[in-house]
Amino acid sequence: MASRPVTSTTLTRPKQRREADASRHHAAALLAWYDRHRRRLAWRALPGAAVDPYRVWLSEIMLQQTTVKAVGPYFARFTERWPTVEALARSPVEEVMKTWAGLGYYSRARNLHACALAVAERHGGRFPSDVEGLRGLPGIGDYTASAIAAIAFDRPAAVVDGNVERVVTRLDAIETELPAAKPAIKARVAELLDSTRPGDFAQAMMDLGATICTPKRPACSLCPWQASCAARKAGTQETYPRKAPKTTGRLRRGAAFVVVRADRHLLVRTRPPKGLLGGMTEIPGSVWSADFAVAAARAEAPMPLAFTRLPGSVSHVFTHFPLELAVFHASAPAGAPAPAGMRWITLDEIAGEAFPTVMRKVIAHAL
DNA sequence: CACGCGTGGCA
DNA sequence: TTGCCAAGCGT
């Protein structure tokens with residue numbers, strides 16, 4: 001082994017050491033900021049109080065691609081109705097779907113219940129405490145496994161969500177586009193991570209991204225890392241992270257058939273468990289396609305009734321395509337049987353049914 | 001890796 | 001108004 005070159009004994013410390021010192025400084029500054037400005041959120045334990053992994057997990061699933069504001073009332077409803085993971089596991093999945101209705105990305109609700117069952121039956125009602133154990137559970141991917149390990153169990157996991165991607169790509173002015181930059185970002189977070197307070201560090205990074213290092217008009221003058229942020233130095237903070245532009249889908253059209261029975265029942269059916277709005281309740285309708293012709297819609301009616309085309313239409317925008325539905329209405333005699341694969345619900349049951357938002361728009365349009 | 005998968009809020 | 005987005009996951 002060769003001896004160190006003489007230059008390493010000068011006042012300048014080795015590069016690796018300097019970087020480690022800088023990372024410690026970053027973490028300390030961030031945690032000091034967090035201690036003053038942390039958000040008070042229903043799923044967060046108060047400082048010093050015990051963390052409930054069930055509440056951490058539930059909130060993390062709900063927060064996937066969903067705003068804090070939207071999650072609030074759902075989190076309250078779920079924890080009131082199901083205070084523990086075992087209570088949730090004992091509930092029929094249909095009840096979970098109904099309670100999730102309106103929050104979007106419905107495979108999360110199905111996976112939520114599957115995960116609760118797995119934890120209750122295979123893990124004795126306790127969540128695994130490390131990333132590897134969490135990673136394989138339904139609905140738990142790289143981000144969520146790391147977040148639960150860090151926040152609920154104080155494991156030094158590198159937690160990388162959309163907020164952290166934005167913070168780190170700005171801090172280092174990373175030019176690589178997402179998602180290709182993901183491994184570099186994760187490595188950088190692992191380097192910055194404060195192993196004495198991993199849970200707080202993870203939440204601090206996300207709070208920083210959510211309140212200071214925002215996508216538009218970031219409040220750089222309030223940022224604990226402003227002095228060392230490469231993007232801020234260049235004045236280009238709003239241009240990060242780099243990512244390829246998304247394309248919006250073509251408009252699709254279709255028809256919905258609202259059938260109300262004389263004894264105040266509504267005709268509905270359940271969508272297949274996978275795919276768009278999987279497992280959710282819907283008003284019977286046509287296929288949705290770009291070349292759908294409303295003139296031919298009546299051929300797809302669920303029952304041989306005198307349907308009236310209602311004026312106007314229902315518009316809705318999904319992640320990958322906009323939708324426009326023509327709405328037809330008909331009355332059926334009391335006691336009429338439902339066609340195969342369909343069922344009747346009372347009008348009073350509409351509110352508690354697992355209707356996605358687009359279907360509530362259809363019902364509101366017709367009733 | 002690219003795509004499918006909801007919704008409501010914001011400029 | 002239209003586009004973009006907000007604590008991703010599964011395939």
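Labels below follow one simple rule: chain letters A, B, ... track the order of the sequence lines, proteins then strands, and each chain is numbered from 1.
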Open item on the list: Can you pull out every salt bridge (Lys or Arg N to Asp or Glu O under 4.0 Å) where at least one residue sits in residues 120-136 of chain A? Sequence neighbours excluded, please.
Closed with: A:R135-A:D142
Open item on the list: By the 4.0 Å heavy-atom rule, please label A:T67 as base, sugar-phosphate, or nothing.
Closed with: base
- [ ] In whole angstrom, give the distance that lies between atom OH of A:Y105 and atom C1' of C:dG10.
- [x] 13 Å
Task: Closest-nucleotide ordering on DNA chain B, the 5'-leading residue of A:T66 and A:K216 - done: A:T66
Task: Whichever of A:P215 and A:D142 has its nearest DNA chain C nucleotide further upstream toward 5' - done: A:P215
Task: Heavy atoms from other residues, nucleotides or ligands near CZ of A:R343 exceed 12 (cutoff 6.0 Å) - done: yes
Open item on the list: Side chains of A:R44 and A:Q203: any donor to acceptor distance under 3.5 Å?
Closed with: yes
Open item on the list: Whole angstroms only, please: what is the OH-P distance between A:Y106 and C:dG10?
Closed with: 18 Å
- [ ] Take the protein atom CG of A:L137 and the nucleotide atom P of C:dC9, then report the distance between them rounded to whole Å.
- [x] 12 Å
- [ ] Under 4.0 Å between any heavy atoms, over every strand shown, what does A:W43 touch: base, sugar-phosphate, or nothing? Just pick one.
- [x] base
Task: Any donor-acceptor pair under 3.5 Å from A:R298 side chain to A:V294 backbone - done: no
Task: Touch class at under 4.0 angstrom, heavy-atom based, for A:V164 against every strand present - done: nothing
Task: Interatomic distance, A:H113 NE2 vs C:dC9 P [rounded to whole Å] - done: 21 Å
Open item on the list: Need one value for A:R39: base, sugar-phosphate or nothing, where a base atom within 4.0 Å counts as base even if backbone is also close, heavy atoms only.
Closed with: base
TODO: Find the distance A:L276:CG to C:dG10:P and express it as a whole number of Å.
DONE: 18 Å
Task: Lys/Arg-Asp/Glu bridge criterion (N-O < 4.0 Å) met for A:R197, A:D35 - done: yes
- [ ] Report which part of the nucleic acid A:L323 touches: base, sugar-phosphate, or nothing (heavy-atom distance under 4.0 Å, all strands).
- [x] nothing
TODO: May I ask you to check whether over 12 heavy atoms, not counting those of A:H37, lie within 6.0 Å of atom NE2?
DONE: yes
Open item on the list: Once you measure the plane-to-plane angle for A:F318 and A:F321, does it fall in the parallel (<30°), tilted (30-60°) or perpendicular (>60°) bin?
Closed with: tilted
Open item on the list: Check this for me: does any side-chain nitrogen of one of A:E95 and A:K98 sit under 4.0 Å from a carboxylate oxygen of the other?
Closed with: yes
Task: Base-pair map of DNA chain B as dot-bracket, where | denotes pairing with a different strand and pairs are Watson-Crick or G-U under 3.5 Å - done: .||||.|||||
Open item on the list: Taking any atom closer than 4.0 angstrom to a non-hydrogen atom of chain A, what span of DNA chain B does the protein reach, first nucleotide to last?
Closed with: B:dG4 to B:dG8
Task: Sugar-phosphate, base or nothing in reach of A:S59, heavy atoms under 4.0 Å - done: nothing
Task: Atom pair distance, as rounded to whole Å: CZ in A:R135 and C1' in C:dG10 - done: 10 Å
Open item on the list: When the C1' atoms of B:dC5 and C:dA6 are compared, how many Å lie between them, rounded to an integer?
Closed with: 15 Å
Task: Earlier contact from the 5' end, DNA chain C, for A:K243 and A:N111 - done: A:K243
Open item on the list: Regarding A:G275, tell me which of base, sugar-phosphate or nothing describes its non-hydrogen contacts under 4.0 Å with the strands shown.
Closed with: sugar-phosphate
Task: Nucleotide C:dC5, atom C1' - distance to CD of A:E165 in whole Å - done: 14 Å
Task: Same-atom distance (C1') from C:dG10 to B:dC1, integer angstrom - done: 13 Å
Open item on the list: Please give me the minimum heavy-atom distance between A:R261 and A:G335, naming the atom from each residue.
Closed with: NE-N, 3.5 Å
TODO: Would you mind telling me which residue lines up with the more 5' stretch of DNA chain B, A:G104 or A:A180, judged by nearest nucleotide?
DONE: A:A180
- [ ] Please work out if A:G102 contacts a base, only the sugar-phosphate, or nothing of the nucleic acid, heavy-atom cut-off 4.0 Å.
- [x] sugar-phosphate
Open item on the list: Any base atoms under 4.0 Å from A:I61, or only sugar-phosphate, or nothing? Heavy atoms, all strands.
Closed with: nothing
Task: A:R271 to A:W288 six-membered ring, cation-pi geometry met (6.0 Å, 45°) - done: yes
Open item on the list: When the P atoms of C:dC9 and B:dG8 are compared, how many Å lie between them, rounded to an integer?
Closed with: 22 Å
Task: Spacing of A:Q64 atom CD relative to C:dC5 atom P, expressed in whole Å - done: 19 Å
Task: Any donor-acceptor N or O pair under 3.5 Å, side chains A:T346, A:D348 - done: no
